[in-house]
Structure formats: C-alpha cells, structure tokens
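Residue numbers start from 1 in every chain, and the chains themselves are labelled A, B, ... in the order their sequence lines are given, proteins ahead of strands.
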Amino acid sequence: MAQKELAKAYNPTEAEERIYKLWEESGFFNPDNLPDAKKREPFTIIMPPPNANAPLHVGHALFLTIEDILIRFNRMQGRRALWLPGSDHAGFETQVVFEKKLEKEGRSRFKMERKELYKEIWDFVQNNKHISEQGIKRMGSSCDWSRNTFTLDPAIIEIVYETFEQMYKDGLVYRGQRISNWCIKHQTSLSDLETKYEERSEPLYYLKYGPFTIATARPETKFGDKYVVMHPEDKRYTQYKHGDKIEVEWINGKITATIIKDEAIDQEFGTGVMTITPWHDPIDFEIAQRHGLDKEQIIDKLGRLLPVAGEFQDMKIKEARPLIVEKLKTKSLLEKVDEDYKHNVQLCYKCNSVIEPQIIPQWFVAMTKSLKDGRPSLRDMALQATENNEVKIIPERFEKVYTHWMQNLRDWAISRQIAWGIPFPVWYCNVERANMPRIHFADFTVEQVLNGKTKTYRLKNKGHNISDKVRLVNKTTQEVFGYATITNVEIKKIKDIDLSDKAHYSTYKNLDELLVAFKRHYPPDQKIDGETESYIYDYAFEALSPENTKDGCGQIIISGEAPKKCPVCKNKNLTQDPDTFDTWFSSGQWPYATLMAQGKKDFETYYPTQVMETGWDILFFWVARMIMFGIYKTGQKPFSTVFLHGIVRDKDRQKMSKSKGNVVDPLGVIDTYGTDALRFALIFSTSAGTDIPLSEDKVKGMKHFANKVWNIARFVLTNLEKSKNKKQKTKLQPKTENDKKILEQLEQTIKEVTNNLENFRLHEAAQSIYQFTWRDFADVYIEASKKQLSNSMELDSGKSSAAKTSAELRENTQRILLYCLQNILKLLHPFMPFVTEEIWQQMENEQLLMVETWPRLR
RNA sequence: GCGCGGUUAGCUCAGUGGUAGAGCGACUGAUUGACGUUCAGUAGGUCGAAGGUUCGAUCCCUUCACCGCGCACCA
C-alpha cells in the first residue's frame with residue numbers, strides 16, 4: 001500500500017485551511033452538485049444569520065458546530081443537504097454599536113443626514129461582514145456559500161415589502177396612534193421584548209386630589225391628570241358616579257376632574273383610586289382608550305417637561321421631581337411619602353435608560369386578529385402548529401414556554417426611528433412630510449432682534465435672510481416644527497405625526513413660543529451680541545419652500561419605490577415614512593425569504609425546511625415570528641423541528657460578557673487547539689437547551705482525542721501489508737474473541753451514534769464514538785492486535801499449519817483494523833471534520849470523506 | 001403573582017425503574033513508544049431533604065429547602 005507515512009502528531013493549523021479549501025473546491029457544499037442530487041431527499045437548515053457586524057464569538061461557534069454536525073450527518077446519509085448561510089444587518093444592535101463609535105469620535109447621529117448615516121454604517125458593516133464569514137469558515141462549516149444571503153439584499157427587501165403589502169391588504173398591519181416604549185437616549189421606540197425590568201426602591205407619594213388620595217411614584221407626569229379612576233364595585237366610592245365632574249385644587253391651580261369607573265383598578269392597592277396619564281403609561285392609555293378620554297403629552301421625546309408643567313417647563317425629569325414634590329408640600333397636597341417603595345422600572349435593554357412611554361404613530365402587526373378569508377390570527381396559526389406537532393420543539397419543555405408567551409401576546413410594534421434598517425415602503429400624501437425641494441439649513445439661526453419696543457425675528461442661514469413663509473423640519477426625525485414667517489407669524493407645531501388627524505395640530509401663537517419649542521428640543525448656544533439675541537442651532541433643519549405647502553389628501557400608499565403622485569388627489573408631494581422596520585420583521589421571514597431569493601426552484605425544492613437550530617434566548621424574538629410569518633405567507637410551516645441550544649458560559653458558569661472579561665475568543669482557541677477540539681468540547685457532555693460551561697481544560701482534552709485518532713490511524717496504516725489492496729470485498733470473519741468483541745462493539749456504536757444523531761442527542765452520540773474509539777478500539781483491540789499481527793504467535797497445531805494460520809490471522813486482523821478505522825472516521829466526521837478528512841486523504845481514498853456513505857450495520 | 005429549570009465524585013457535567021458514569025483533577029505503578037505521552041489501577045458519591053407509589057426509586061408522584069431563569073404586574 002502506498003500510504004504516506006503520517007506525521008508523528010496531528011497538526012491542525014497546517015491541515016485545516018487546506019482541507020476547507022478542498023471541500024469548497026469540490027462544490028459539494030452546494031447540494032445540487034452532490035452525486036445523484038435529484039434522487040436525494042432534501043434536508044435543509046437555514047443558518048440563523050449572525051449579526052454581520054459582530055466578530056465570531058463562542059455562541060456562534062456552538063451553533064455552527066451543531067448545525068454542521070446535522071448537515072454532515074445527513075449529507076453522508078445520502079440526503080440533499082443544504083445549509084444556507086446568511087447575515088443580518090441587526091438594525092438596532094448595529095446602530096447602537098455605531099453610535100458608540102460616533103460618540104468616541106465626538107460626533108452624533110442626531111447631527112447627521114439620514115442617508116449619510118446609513119452609508120457610513122453600510123461601509124462599516126461590509127468590512128466586518130467579511131471577517132465574520134472568515135470565522136464561519138474556520139469553524140469548518142459546510143454551508144453553501146453560493147447561496148449566502150444578507151438581510152439587506154435587494155431580493156430580500158423586495159420579499160419583505162411584498163409581505164408587508166399583503167399584510168396591509170389583509171388588515172394585519174396597521175398604523176396606530178398607540179403607546180410605545182420610548183428610549184430617550186436612542187430616540188426610538190422598542191418592542192416589549194427589547195426592554196427589561198429592574199427592581200428599584202423609590203419614594204411613593206400620596207397626593208391629595210380633591211376628596212381622594214392618590215399614590216404615585218412619578219409626580220412629574222401628573223400635571224395634566226383630569227380623570228380619577230376607581231373600581232365600579234368599590235363600596236367606598238359609591239357616592240361617585242361614572243362621569244361626575246368635580247373641581248379639585250391641583251399642582252398648578254384648579255382643574256375639573258371627571259370620575260371614571262374601570263375594572264382595571266385594584267381595590268387593594270393604596271386607596272383604590274388613581275388618576276391617569278394616558279400619554280405616558282400603558283395601563284392608563286388602555287383605560288383612556290376604553291372610555292374615549294383625552295390624552296395629553298406631558299413629557300417630550302427628550303425627557304423634558306412641556307408647557308403644561310408651568311414653571312417646570314423644559315426641566316428634565318430628574319431635576320423637576322424634587323421641585324414638584326416641594327411645591328406639592330407647600331400647597332399641602334402631599335399627604336405622606338412611602339420612602340422605601342419597591343417597584344419594577346422598565347429599561348432599555350441596551351443602555352439601561354428608563355423607558356418613557358410615549359404615544360407615537362407607528363406600524364403594528366395585529367397578532368390576534370383573524371384574517372378576512374377565515375384563517376385564524378397569526379398567533380393562533382402558530383399555536384396550532386405546535387399543538388398538533390407540525391412543529392416540534394426540542395427540548396420539549398420550551399414548548400410550554402412558547403405557548404404561554406403566545407397566549408399573552410400583544411400587538412407587535414415594528415417601527416423603529418433609526419436609520420439602519422429596511423425603510424418602510426410607505427408614502428404619505430401629505431404636505432407635512434412632503435419630499436419636494438427644500439431650502440436647506442445646516443446651521444440654523446433664529447435671531448430675535450430688539451429694536452426699540454418692537455421685536456422682529458429673523459431666520460438666518462449663512463447670511464441669508466429668509467423672508468418667505470417657511471416650514472421648519474428637523475431633518476433627522478422628520479419632525480415638523482411649524483411655519484415661520486418673519487413679519488407675519490404663523491406657526492404651527494405638530495405634536496405627533498398622525499397627519500390624517502387635524503386635531504393633533506397645535507399652533508404657536510408667535511415666534512416666542514416657537515423659540516421655546518426649539519430651545520426645549522435642541523439646547524442652543526445662546527449668544528447675546530448688542531441688541532441681537534441669537535440662538536444658534538447646531539442641528540440640521542430644512543425649511544420647505546412655500547410652493548410645497550399645499551395640503552395633501554392623507555392617502556397612504558404602499559410602494560417600494562417613490563410613487564410619482566398620489567393616486568387619489570394627484571398631489572406630487574409625497575413623503576416616505578421615515579422609520580425602518582424592526583430587524584425581526586425581516587429576519588422573521590428568513591426561511592422562505594432566503595430560498596425565494598434564490599429563485600422559485602430553490603423554494604420548491606428546499607421549503608419547508610427540516611430543522612431550525614438556534615438559542616432559546618431568541619425563541620420569542622425570532623422562532624415564534626418565523627412560524628407565524630411562514631404559515632401566513634406560504635401556507636406551510638417553515639420547519640418541522642426547532643432545536644434549541646443553551647448559552648455558552650465560562651467554566652464558573654458565568655455568562656460571558658465583555659465587561660467581565662471572560663469572553664472566550666473561538667479563533668484564539670482554534671489557533672491553540674484546533675477546530676475539531678473546540679467543536680468536540682462544545683458538544684461533549686452537554687444536553688440540549690441547557691447552558692454549556694466551556695473550560696480550556698475541556699478543549700485541551702479534546703485536542704488529545706483528535707491526536708489519539710491520528711495515532712490510531714498511524715498504527716493501523718503502518719501495520720498494513722505493503723501491497724495490500726485496501727478494498728475489502730469478502731466478508732469479515734472474526735477469528736478471535738477480541739475480533740468478535742470489537743466488531744460487536746462497532747455495530748453497537750454505529751447504532752448508538754446514528755440513533756442519537758437522528759434524535760438530536762448530539763452529546764450522547766459524541767460520547768459513544770469517543771468511548772468506542774479510545775477505550776474499546778485503542779486500549780483494548782489495538783493492544784490485542786499487536787499479538788495477532790505477530791508472526792511468532794504460538795498456536796496449538798503443527799508447524800506448517802501454524803505458520804499458515806498465523807499469516808491468515810495477521811491478514812484478517814489487518815482487515816478488521818482497517819474496517820474499524822474507516823468506520824470510526826465516518827462516525828466521527830460530523831463532529832471532527834478536519835482530522836478525519838485529513839486521515840482519509842492520507843489513505844488515498846478517491847472520494848472525500850465528506851460525501852462518503854454513512855456506516856451501515858453489517 | 002404565574003411558570004420553568006437545576007441540586008449526582010474535589011471541579012464541570014452526562015445518565016438510568018433493578019449492583020452509579022465521563023472529562024479534568026488527586027494518588028500508585030508501568031511504559032523507548034502507534035500516541036507532544038499513553039496504559040493499568042486506586043481513592044472519592046446514603047444521586048438536595050422528607051413522605052408516597054413499587055418486589056425494588058437517584059429516576060415516577062407530593063411537599064419542602066436552596067440556587068438559577070423566564071413571563072406578567074405594581075397607581
């Protein structure tokens with residue numbers, strides 16, 4: 001046999017790059033190139049697209065390992081195994097990272113043009129995307145790079161738009177003036193999932209509100225409270241009827257309060273009475289909705305108090321609260337204070353700022369609304385899929401978690417006020433968002449000229465005086481401030497952007513108020529120079545030129561491309577919705593979108609997919625939504641099995657995080673111990689869905705195992721007859737007890753590994769092959785074979801026949817050794833692809849081990 | 001408040017209705033060899049507590065304790 005002598009020890013760094021290239025060049029990562037591809041049964045895994053911007057971390061290493069094992073196993077079993085890779089633009093996540101970078105450079109996204117910001121992030125991500133893909137390759141991932149997809153690929157965006165339009169027609173997405181979780185730092189709304197709660201201890205104030213006592217932890221929101229709510233069955237308050245009006249002395253003077261009876265009130269809590277702030281509290285909002293009550297904004301989007309707060313206007317919550325409490329005290333409205341009141345505060349999951357609920361017009365997905373064609377709601381379709389086992393979740397216990405979450409689902413807010421994402425394909429026929437030529441102001445100056453007794457105002461930009469009536473628009477948020485004219489002041493402010501509802505317009509009486517609004521939103525550098533008081537705004541503004549101030553009809557047009565004019569009123573001034581989609585709106589469509597993006601044939605061949613493998617931490621974010629979208633859009637479940645893995649932790653069970661400094665860099669580990677060692681360590685001795693502690697010792701141990709396999713091969717190959725044809729046609733005959741035993745053990749191992757892999761018990765499969773290879777084969781059989789290979793072995797019979805027997809035995813032993821080795825390499829290949837393929841190649845096999853057939857029972 | 005998971009060797013974790021397993025670590029010995037070592041062996045666990053079902057429980061049921069987590073809510 002023309003074996004090359006194997007090196008003394010396995011050198012992963014030398015082999016891995018070469019082997020990966022060999023696989024890649026074979027073309028077999030693309031299942032359509034596999035032998036007899038068309039006869040094969042498809043087996044598809046869509047890779048959860050990693051954040052294109054993030055370098056490979058150990059969590060990626062884990063899921064890449066698991067999915068690659070499943071893919072390689074199925075490929076060897078003769079299936080048409082497609083593993084489709086991709087990456088995610090990860091809207092909010094990435095923008096947050098980028099904003100930090102800007103901050104370091106002394107810049108701010110709020111001072112940038114949206115397009116410019118998008119472009120910069122695009123370039124930033126493209127650079128990192130390449131790095132992340134290199135990492136995936138180094139893990140040995142046998143995914144089909146020819147189908148690599150990015151969530152911002154034009155084909156994907158087109159499908160996302162199509163889905164959105166379809167849902168719009170089906171009434172499943174709607175634009176609503178609803179309360180949202182608003183992050184003051186990031187200036188965007190967030191879904192319920194993107195916030196977290198933290199228990200804090202804060203004073204609870206008991207305030208006198210006419211004849212009632214109400215409790216609040218947030219006195220700064222209470223200025224506009226004019227409804228007092230109690231339970232309809234509360235016996236203490238039977239003398240008050242729903243709708244009664246009473247006069248009460250409140251923070252800034254007398255107001256008229258209205259009695260509201262609502263069952264949402266907990267009679268046990270405090271006095272059983274509360275006042276409501278619908279603009280800034282979800283529960284209050286719902287009560288107001290139920291009874292059709294007024295809603296008033298008290299706090300602006302930057303967390304400052306509005307004019308309703310009187311003397312506290314423009315103050316931030318933190319500074320205003322103690323002053324307000326002080327005022328309440330002097331007015332004798334403060335009854336008592338519970339200093340150590342514990343409650344949960346809702347925070348932004350990224351920056352930990354307190355979430356300020358705000359009413360913002362946004363797009364929502366209706367989760368519980370049945371379809372017009374009689375199909376159940378998105379939620380119910382998805383629930384049915386798991387109930388009747390069309391979609392199976394492993395481990396099973398997560399099915400309960402999933403069901404519970406689904407049953408308590410609220411509508412999903414999908415608008416994000418950030419640049420990095422897929423823009424809404426929505427156009428408003430409305431002048432306030434008109435997109436026509438504008439006068440641009442980079443640095444915008446409002447001058448208040450004191451000229452004797454009269455005041456005049458000038459809007460200045462780089463020396464230009466603007467004398468026309470102009471409309472002031474903040475370019476970043478597209479917020480309209482109003483009209484401004486120098487001599488004839490006519491200023492409108494639009495509080496929120498539901499432009500179809502004229503009731504939400506508010507008007508500034510004069511430029512003074514406009515200035516106040518500016519100052520509140522954008523603290524200026526104030527400069528007083530002689531008689532001229534200038535406020536210089538270092539923010540980008542645009543002013544619409546007068547010819548574009550004609551009102552539109554309010555029509556909403558769904559279109560990916562800018563429509564030329566409004567189909568209803570022919571108005572040409574259409575504005576695109578300034579928001580972008582929640583990332584999960586696009587990644588939720590990933591299974592069918594990726595396949596559709598390859599063309600109809602791919603979708604027909606590979607959809608529905610077999611396995612969705614991902615972390616349990618994104619079960620709600622992602623898996624639930626994929627099931628809903630998939631069934632809605634294609635009428636079929638997107639996958640039949642959801643396989644959930646745990647979180648990789650450090651050896652002390654600590655969650656890895658940059659701040660703790662315990663982050664394991666998988667590429668560093670690979671450099672030291674090799675990819676196979678890392679892969680095996682990640683799945684060895686850990687069951688599905690439980691968290692995985694990873695220690696260096698474990699990886700080290702698995703490196704030893706890779707090396708052991710190498711040396712087993714070395715032993716077997718060097719002990720073969722030089723001229724021996726390695727092809728074995730005749731059946732193996734066990735001649736000794738050892739022979740018999742090892743072949744039985746091998747059969748058993750094949751059974752176990754196959755069965756365990758089929759049932760997603762990867763760790764048990766790994767342990768089984770480990771045990772067989774090292775203990776049964778290396779320690780026992782190989783040791784025994786040394787005697788069987790020896791010519792001088794003594795046998796009972798006569799001399800010549802003894803020689804013959806001994807030669808026969810030797811030959812048979814060689815065959816068994818080789819047979820076992822071949823099977824070990826095959827069984828181990830999904831787990832340790834590099835070392836096994838490397839040995840296979842050294843054995844001068846014609847075919848790649850990657851596409852060899854999986855061991856069968858004899 | 002509702003729910004979930006865990007508690008097994010010094011450490012990290014598998015596992016099973018019938019004398020308890022792995023990796024790492026510890027200890028003893030062997031080994032010039034296929035093996036950047038490896039092998040043989042030793043020590044070490046009333047499988048969180050109590051009760052129940054069973055011929056038999058670490059495993060199934062109930063209760064409890066401790067640790068961890070998810071969801072919801074707090075005027």
Side-chain angles (χ1 to χ4, degrees), chain A residues 5-11 192-193 196-197 199-200 202 204-207 209 212-219 221-222 225 228-230 264-266 268-277 281-284 287 341-346 395 397-410 616-617 619-620 646-647 649-653 655 680-681 684-687 689-719 761 763-764 766-768 770-771 774-775 778-780 782-783 785-786 817 821:
Chain A
E5 183 80 2
L6 264 64
K8 205 160 182 224
Y10 172 59
N11 179 354
D192 292 343
L193 284 173
K196 56 179 186 182
Y197 289 88
E199 189 174 271
R200 290 203 182 158
E202 283 176 336
L204 181 70
Y205 305 96
Y206 286 83
L207 308 180
Y209 189 84
F212 306 107
T213 299
I214 59 158
T216 184
R218 301 199 55 193
T221 64
K222 294 278 145 197
D225 288 13
V228 53
V229 192
M230 57 211 71
I265 304 298
D266 178 0
E268 308 291 310
F269 191 97
T271 55
V273 179
M274 70 175 195
T275 60
I276 56 167
T277 312
D281 185 284
I283 301 291
D284 296 1
I287 294 172
Y341 172 66
K342 283 192 177 65
H343 66 151
N344 283 335
V345 182
Q346 195 181 13
R397 69 187 139 93
F398 283 105
E399 212 163 298
K400 275 188 217 160
V401 181
Y402 167 87
T403 307
H404 182 256
W405 184 77
M406 292 289 274
Q407 282 164 347
N408 296 300
L409 204 53
R410 288 198 292 174
W616 56 256
D617 49 329
L619 180 63
F620 306 144
I647 295 169
R649 296 172 182 270
D650 74 2
K651 60 179 185 340
D652 303 318
R653 279 204 137 279
K655 213 167 176 172
F680 216 74
F684 198 78
S685 163
T686 51
S687 65
T690 53
D691 293 350
I692 298 161
L694 182 71
S695 66
E696 190 164 336
D697 277 345
K698 203 161 164 185
V699 184
K700 203 166 152 187
M702 295 310 159
K703 183 199 161 88
H704 290 157
F705 179 54
N707 195 53
K708 185 77 185 179
V709 174
W710 181 262
N711 278 290
I712 287 168
R714 232 161 82 88
F715 175 84
V716 172
L717 297 180
T718 51
N719 278 294
R761 293 189 295 259
H763 61 292
E764 287 186 58
Q767 284 178 25
S768 179
Y770 181 97
Q771 167 72 22
W774 202 322
R775 303 278 90 96
D779 290 349
V780 180
I782 286 187
E783 288 312 314
S785 79
K786 286 174 184 171
L817 283 169
L821 174 64

For this session: Quick one: label Tyr341(A) by what it contacts on the DNA or RNA (base, sugar-phosphate, nothing), any heavy atom closer than 4.0 Å.
Result: sugar-phosphate

For this session: Verify the neighbour count for atom NZ of Lys700(A): are there more than 12 heavy atoms of other residues, nucleotides or ligands below 6.0 Å?
Result: no

Exercise. Is a donor on one side and an acceptor on the other found under 3.5 Å between the side chain of Ser768(A) and the backbone of Glu764(A)?
Worked result: no

For this session: Keeping the roles fixed (side chain from Thr275(A), backbone from Asp225(A)), state whether a donor-acceptor pair exists under 3.5 Å.
Result: no

Problem set entry | Identified pairing partner of rG45(B), criterion: Watson-Crick or G-U wobble below 3.5 Å | none

Exercise. Does rU32(B) pair with anything, Watson-Crick or G-U wobble, both distances under 3.5 Å, and if so, with which nucleotide?
Worked result: none

For this session: Output all residues satisfying side chain to side chain contact (heavy atoms under 4.5 Å, CB included) with Gln346(A), sequence neighbours left out; order by chain, then residue number.
Result: Asn181(A), Thr195(A), Tyr197(A), Ile355(A)

Exercise. Do the ring planes of Tyr341(A) and Phe269(A) sit parallel (below 30°), tilted (30 to 60°) or perpendicular (above 60°)?
Worked result: perpendicular

For this session: Measure distances between side-chain N and O atoms of Lys698(A) and base N and O atoms of rC24(B), and say whether any donor-acceptor pair falls under 3.5 Å.
Result: no

For this session: Could you tell me whether Glu783(A) contacts a base, only the sugar-phosphate backbone, or nothing, with contacts defined as non-hydrogen atoms closer than 4.0 Å?
Result: base

Would you tabulate the nitrogen or oxygen pairs shorter than 3.5 Å linking the protein to nucleotides 15-19 of chain B?
unit_1: rG15(B); atom_1: OP1; unit_2: His763(A); atom_2: NE2; d: 3.4

For this session: Could you check which nucleotide pairs with rC66(B) in any of the strands shown, counting Watson-Crick or G-U wobble with both distances under 3.5 Å?
Result: rG6(B)

Exercise. Arg714(A) has a side chain; which of rC4(B), rA34(B), rC73(B) sits nearest to it?
Worked result: rA34(B)

Exercise. Using the C1' atom in both, what is the distance from rA9(B) to rG44(B), to the nearest Å?
Worked result: 6 Å

Exercise. Is rA14(B) paired to anything, Watson-Crick or G-U wobble with both distances less than 3.5 Å, and if yes, which nucleotide?
Worked result: none

Exercise. Counting only distance, no hydrogens or angles, is the base of rA34(B) paired donor-acceptor with the side chain of Lys8(A) under 3.5 Å?
Worked result: no

Problem set entry | Distance flag, aromatic centroids of Phe684(A) and Phe680(A), threshold under 6.0 Å | yes

Exercise. Between rC4(B), rG70(B), rU38(B), which nucleotide gets closest to the side-chain atoms of Arg397(A)?
Worked result: rC4(B)

For this session: Describe the nucleic acid contact of Ala713(A) in one word from base, sugar-phosphate, nothing, applying a heavy-atom distance below 4.0 Å.
Result: nothing

Seminar exercise, completed: Answer for the Watson-Crick or wobble partner of rC73(B), both distances under 3.5 Å, is none

